[in-house]
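Single-structure report; data block below.
These numbers come from a predicted model, not from an experiment. Quick note on labels: first sequence line is chain A, next is B, and so on, each numbered from 1.
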Amino acid sequence: MALVRIPPQLRKLTGGAREITVAGATIGEVIDALEKEHPGIRDRVLEDDELRPGLAVAVDSVIATRGLLQPVGEQSEVTFVPAVSGG
Amino acid sequence: MKVHVRATINGEPVEFLCEPRPSLLEALRDELGLTGSKEGCNNGNCGACNVILDGRLVNSCIVLAPEIDGAAVTTVEGIAPAGGLHTIQQRFLEHAALQCGVCTPGFIVAAKALLDEKPRPTEADARLYLAGNLCRCTGYDKIIRAVLDSTNGNAEETA
Amino acid sequence: MTTTKEQPKQYRVIGTRPIRHDGVDKVTGRAIYGADFKIAGALHGKVVRSPHAHARIKSIDPSRALELPGVKAVITSADMPRPKAKMVDLGEGPMNALHLRNNLIAEGKALYRGHAVAAVAAVDAHVAEEAARLIKVEYEPLEPAIDVRAAMEPSAPLLHDDLFTDDLGETAKKPSNVAKHVCFEKGDVEKGFGAADRIFEGEFNAVMVHQGYIEPHNATALWNADGHLTIWCSTQGAFTVREQVAEVVGLAVSRVKVVPLEIGGGFGGKIPIYLEPVAALLSRKTGRPVKMTMDRAEVFEGTGPTPGSSIRVKIGATKDGRFVVASADMAYEAGAFPGSPFVCGMLTVFAPYDIENIHIDGYDVVVNKPKTAAYRAPCATNAAMASETLIDEIAEWAGLDPLDIRTKNAAREGTRRADGLVFPRIGFEETVEAARRSEHAATRLEGPYRGRGVASGYWFNCGLKSSVTVTVNSDGTVNLVEGSTDIGGTRASLAMQLAEVIGVDAEDVRPQVVDTDSVGYNDVTGGSRVTFASGLAVIEAGKETKKKMAERAAMLWKASPDDVEVEGSTYRLRDGSKSIEFKELAGKLGKTGGPVVAQGSVNADPSVGGGFGTHMVDLEVDPETGKVTILRYTAVQDAGKAIHPAYVEGQIQGGVTQGIGWAINEEYRWSAEGRMTNASFLDYRMPTSLDLPMIDAIIVEVPNPGHPFGVRGVGEVPIVPPPAAIANAIYRAIGVRLRDLPMNPARVLRAVLTAAGTPPEDE
Amino acid sequence: MRQIEYHAPASLAEAVEILAKAGPRARPLAGGTDLIVQLREYRSDADVIVDVKRVPELTELRLDGDGLVIGAAVPCCRIYEDEQIARAYPAVFDAASLIGGIQIQNRASLGGNLCNASPAADGVPPLIAHGGTCRIAGPSGEREVPVEKFCVGPGKTVLERGELLVSIRLPRSGGRSGSRYERFIPRNEMDIAVAGAGSFIELEDDGETIRSARVGLAAVAPTPLALANATDALAGRKATAEAFAEVAEAARKAARPIRDMRGEIWQRRHLAGVLTRRTLEVALERARAAGNGTR
């Protein structure tokens with residue numbers, strides 16, 4: 001089961017929960033699982049079946065470069081973060 | 001009406017016709033194909049277009065092309081001896097005194113003018129003389145070191 | 001000076017200081033930069049720009065311009081295809097495709113002074129310029145939104161009536177100038193503030209500043225009769241130009257070739273496109289190549305400076321100087337269209353410290369100013385000015401040395417950041433320690449109106465995508481074909497990594513930056529990523545080269561490739577019976593199956609290689625004029641592993657200098673109508689050689705676990721600490737804490753006079 | 001830049017003839033460091049450009065028993081490279097060596113600085129402090145105007161149609177006299193003065209009493225400003241800190257600055273006082289050194 005850290009702006013959907021444990025072998029599956037438990041989350045983080053532009057996701061503090069296909073481990077921690085680049 | 005300009009550029013006699021309005025910088029780059037002199041500001045505030053005009057360092061962007069009739073001009077393309085590099089150029093490379101390199105021609109020409117006037121400048125001399133040349137990449141540290149090293153003495157002695 | 005933390009590996013090439021491969025061309029004036037490019041039959045283009053910060057465009061009449069002899073075409077937004085208003089990521093972060101297009105040529109409204117409204121092509125630059133002045137544009141001026149906080153108010157003039165605040169996928173019901181809100185939360189700030197012995201807080205304002213690269217933007221475009229478009233320009237990212245131009249002119253990317261010429265500085269400002277599509281459309285209309293260059297005023301008014309900001313920070317500490325809680329409310333100017341790098345400010349503001357409870361709100365706010373762009377650790381300098389000066393106050397209150405309080409609170413491997421990620425091995429403490437041991441710290445600063453300041457800074461550094469190709473020449477040298485445009489010596493830093501991997505000298509590698517048809521995709525030269533991420537691609541290609549060369553050696557010896565071992569440049573059979581050098585082997589490729597070509601491509605993990613710096617500055621204030629003179633500057637930085645230490649030092653010195661300029665003189669000065677009043681290198685005061693001392697760069701090497709040589713990006717960190725370090729030093733010199741940037745002579749003088757009880761009377 | 005005509009006359013008469021014929025369309029070109037930029041930015045309507053650098057009277061630099069004559073087109077570098085001029089007219093030397101950078105000083109002239117009539121011109125306060133006079137040639141002959149009367153507003157001078165500034169004459173300066181020009185700029189080079197002051201002091205033979213003094217200010221009024229009462233305030237008095245403070249206060253009061261992108265009103269007023277005091281102090285030192293023969 002992966003531990004998902006819920007961004008403050010989505011906590012209304014999780015009844016205030018900051019961390020939620022769900023099953024899923026990829027980011028895509030984790031989001032599907034989240035959606036099942038807390039309907040509405042999916043639309044907030046995805047657009048056209050991809051991560052929303054400007055949003056990234058990290059698995060165990062490593063930014064996923066494979067989007068929804070990124071593998072998630074049994075004990076992984078999943079964090080939604082803004083996508084950034086520099087100058 | 002076009003103006004007939006005769007000048008010596010990098011030791012070679014040159015003749016060209018131009019409108020009165022282009023700057024020396026435009027004439028060098030567009031008429032003569034010498035694109036080593038760069039436009040950074042086009043109003044005399046960055047030094048990227050520096051050339052030596054009759055022995056004096058000037059911003060070629062604020063000289064009208066017709067003004068050089070009868071004059072001698074040295075551009076960055078005229079600094080190196082045949083088949084090699086001028087010490088200043090060599091020292092810029094050794095000291096990593098350039099990053100993007102677009103200000104470099106202006107600095108090379110200005111440094112040449114400085115050393116022509118003062119063969120062993122101090123750090124203060126060099127900083128003052130080169131204050132009309134903006135560099136946005138290096139913070140000037142390595143440029144100043146390269147110029148001081150170009151005196152063939154070491155910077156500690158001359159500073 | 002290099003301080004190495006862990007036992008260094010022995011390298012042949014890495015850590016040496018060879019002469020850069022493109023050096024001779026650049027010191028002799030032969031290197032071809034964008035504006036130096038020539039093509040037969042070229043016309044010259046010129047942009048017509050809005051004189052108003054906010055105005056409805058009522059009509060555009062080009063007739064008088066078209067009558068001028070030598071004028072060939074005029075375009076307006078009507079000539080530019082109109083994409084759907086949809087978020088796209090074209091290599092510069094997500095943006096609305098329609099906004100991207102409308103920033104190139106205004107449609108309906110001009111949203112900042114300098115906003116392009118039309119463009120003309122003519123036989124030469126002078127005629128084009130005259131023609132541009134003859135294009136008659138009728139405007140209806142509107143009230144502009146200039147101040148970032150005021151622009152957030154519901155009563156502010158709206159730039160876009162279809163802009164609704166995005167809050168992680170939730171869209172506001174009413175339009176506003178706040179394009180986006182992002183929030184980070186860690187721990188419980190309410191509890192944290194309750195536990196603090198004292199809370200320090202302040203509001204810090206910074207005005208817009210420009211990257212100030214010396215080379216103005218330029219582009220030459222040829223829209224060929226066969227429907228292929230070629231663009232020659234100087235850019236930080238040829239592929240980004242390709243993707244963006246293709247989007248706005250409505251071509252497939254395969255129809256667009258971008259040829260990157262030498263680039264005269266960028267610092268983030270040469271990532272966006274400006275002239276490229278305009279030149280392309282003028283070329284399509286005239287059937288001839290069109291060259292365009294900006295003048296310096298256009299660069300200031302019509303490109304992407306970096307955001308000004310209003311930042312409110314609170315830090316709670318315990319008596320022993322431990323930070324227990326921090327919060328920040330950070331509003332950044334996006335400029336005329338959404339998409340400032342404001343999140344970078346949020347990611348960096350408290351990053352050097354291990355603080356249990358953090359809450360950060362960030363806002364991307366549109367105002368009637370040029371659409372902002374990245375500038376060297378964008379938004380992080382504004383943020384550090386706030387946090388690092390408050391920390392200085394805490395140190396003073398707690399009776400701690402500014403370096404000691406940083407060590408005491410330092411983030412380390414395992415510290416959770418505000419955004420929720422956990423730091424891997426980082427080198428922050430090591431930079432503080434090196435600063436403590438520096439000659440600078442060991443020297444006392446004496447004299448009236450003098451002060452020493454310390455500040456630290458963080459930049460996360462990017463990864464992203466890179467591709468390279470390596471070919472082996474028969475003389476034993478190798479060509480390195482890359483797509484990362486070289487702004488500051490990355491040909492050398494990449495060639496050196498390849499040389500290290502395959503065991504040749506740096507000079508035996510010939511690096512070249514090629515066009516978008518000639519190498520795999522590369523993201524921009526930005527985010528301090530090239531030496532790191534393109535370096536990873538180079539290492540991969542180098543390993544592939546070795547593997548293929550080993551196969552060739554095996555073929556020569558009729559052995560199995562598994563029996564060949566490689567050490568440096570020597571290929572030998574494991575039993576020691578045969579060996580051959582790389583150079584000799586390279587001469588035998590024709591007889592062993594033909595050329596050896598290897599490739600490397602990565603989408604590099606960006607989360608591991610963050611960089612930290614700690615700076616120390618001594619300065620003197622003239623109490624009668626408010627002028628600040630920098631007496632001494634030392635910058636320590638963790639470079640992970642310095643591939644070419646001279647260019648690492650150069651990055652540090654250059655970043656520090658930009659930070660010094662930002663701290664004391666650089667600013668966009670705005671008139672009440674939203675006009676920049678100092679759009680020249682005369683009045684936008686970047687430091688000259690006479691304004692600076694030598695800058696001591698101390699490189700600390702705490703290897704990046706995500707790179708075989710340990711490389712961390714170095715380009716951006718050094719601009720982060722200077723304004724805060726200088727503010728802290730000014731406090732020690734005059735006893736007043738300044739919170740707004742720049743700390744120009746008028747501001748410092750006002751502070752001195754006010755502290756003396758004789759505040760200036762405004763007239 | 002719009003299309004222009006370019007003329008390079010070799011005599012003063014020829015230059016005046018061209019200027020007179022073209023009238024307001026004409027502008028003389030010396031170093032071009034202001035004019036060419038103005039033309040390029042369409043800030044000048046001129047399209048007849050008269051390069052005066054081949055006119056002997058405008059390129060003359062002569063120091064003799066009567067004083068100093070600075071041809072209007074003499075570049076700053078020629079002034080500061082002359083050690084005798086540096087000794088006798090140190091404020092002029094100061095200004096010539098701080099206008100722009102080296103590249104600018106190699107082209108820009110004090111005459112051009114004066115004709116450009118910028119309130120912030122660094123070259124003008126020293127000429128005022130040294131009591132300079134302008135020699136003007138025109139279609140109806142020549143005339144002279146004191147330097148402090150030459151500029152009449154931002155960008156405006158007393159020059160009439162066809163007239164040309166030929167040279168600036170400074171009276172003999174020597175004995176126990178000294179002068180100084182200082183300006184305040186945020187950088188250390190390549191800036192326009194936020195405020196500037198040029199001071200001249202001549203001492204009596206006792207080396208203590210001021211025989212005469214003059215102060216000129218830059219960037220604190222629509223034109224370079226002669227601080228008229230400086231001479232009155234100081235003449236006959238001992239050169240003391242109090243006396244200088246009074247003049248500095250007079251400078252603050254005389255200042256009528258504006259706020260622009262280079263400075264605030266209060267800041268310029270404050271600086272006028274500071275710079276007046278500072279330049280008087282250095283001028284005094286120099287006057288004493290000159291009297292002792294140590295300069």
Distance (rounded to the nearest 0.5 Å) between A/Ile63 CD1 and C/Leu464 CG: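 The CD1 atom of A/Ile63 sits 10.5 Å away from the CG atom of C/Leu464.
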
From CG (C/Asn603) to CZ (A/Arg66), nearest 0.5 Å: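 With rounding to 0.5 Å, CG (C/Asn603) is 10.0 Å from CZ (A/Arg66).
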
Atom CD of C/Glu356 with >12 non-hydrogen neighbours under 6.0 angstrom: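 12 or below, so no.
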
Please classify the contact of [X] with chain A as side chain, backbone, both or neither, using a heavy-atom distance under 4.5 Å.
X        : value
C/Ile719 : neither
C/Ala604 : backbone
C/Arg529 : neither

C/Tyr363: partners by side-chain hydrogen bond (donor to acceptor under 3.5 Å, both in side chains), with sequence neighbours left out: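 Checked C/Tyr363 against side-chain hydrogen bond (donor to acceptor under 3.5 Å, both in side chains); zero matches.
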
Minimum heavy-atom distance between A/Val84 and C/Cys462, given as atom pair plus value: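 The pair with the smallest heavy-atom distance is O-SG, 4.2 Å.
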
A/Ala58 to C/Leu421 - nearest heavy-atom pair and separation: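 Nearest heavy atoms, A/Ala58 then C/Leu421: CB-CD1, 3.8 Å.
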
Greatest number of heavy atom pairs closer than 4.5 Å to chain A - which of C/Met87, C/Glu170, C/Met95: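 Looking at each of C/Met87, C/Glu170, C/Met95 in turn, C/Glu170 comes out on top.
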
Among C/His359, C/Arg416, C/Lys180, residue most engaged with chain A (heavy-atom pairs, under 4.5 Å):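 Most heavy-atom pairs within the cutoff with chain A belong to C/Arg416.
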
Chain C-proximal positions within residues 32-51 of chain A [heavy-atom distance under 4.5 Å]: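 Residues in range: A/Arg44, A/Val45, A/Asp48.
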
Residues of residues 69-79 of chain A near chain C, each having a heavy atom less than 4.5 Å away: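 Within residues 69-79 of chain A, near chain C: A/Glu77, A/Thr79.
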
Sub-4.5 Å side-chain heavy-atom contact between A/Pro82 and C/Phe184: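 They are in contact (side-chain heavy atoms under 4.5 Å apart), so the answer is yes.
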
Per-residue contact mode, A/Arg18 against chain C (heavy atom under 4.5 angstrom):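 Side chain only.
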
Toward chain C, the part of A/Val81 with a non-hydrogen atom under 4.5 Å: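 Only the side chain of A/Val81 comes within 4.5 Å of chain C.
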
Could you list the donor-acceptor pairs under 3.5 angstrom formed between side-chain atoms of residues 5-12 of chain A and any protein atom two or more places apart in sequence or on another chain?
residue	atom	partner	partner atom	Å
A/Gln9	NE2	C/Asp167	OD1	2.6
A/Gln9	NE2	C/His181	O	3.2
A/Arg11	NE	A/Ile6	O	3.0
A/Arg11	NH1	C/Glu185	OE1	2.4
A/Arg11	NH2	A/Ile6	O	3.2

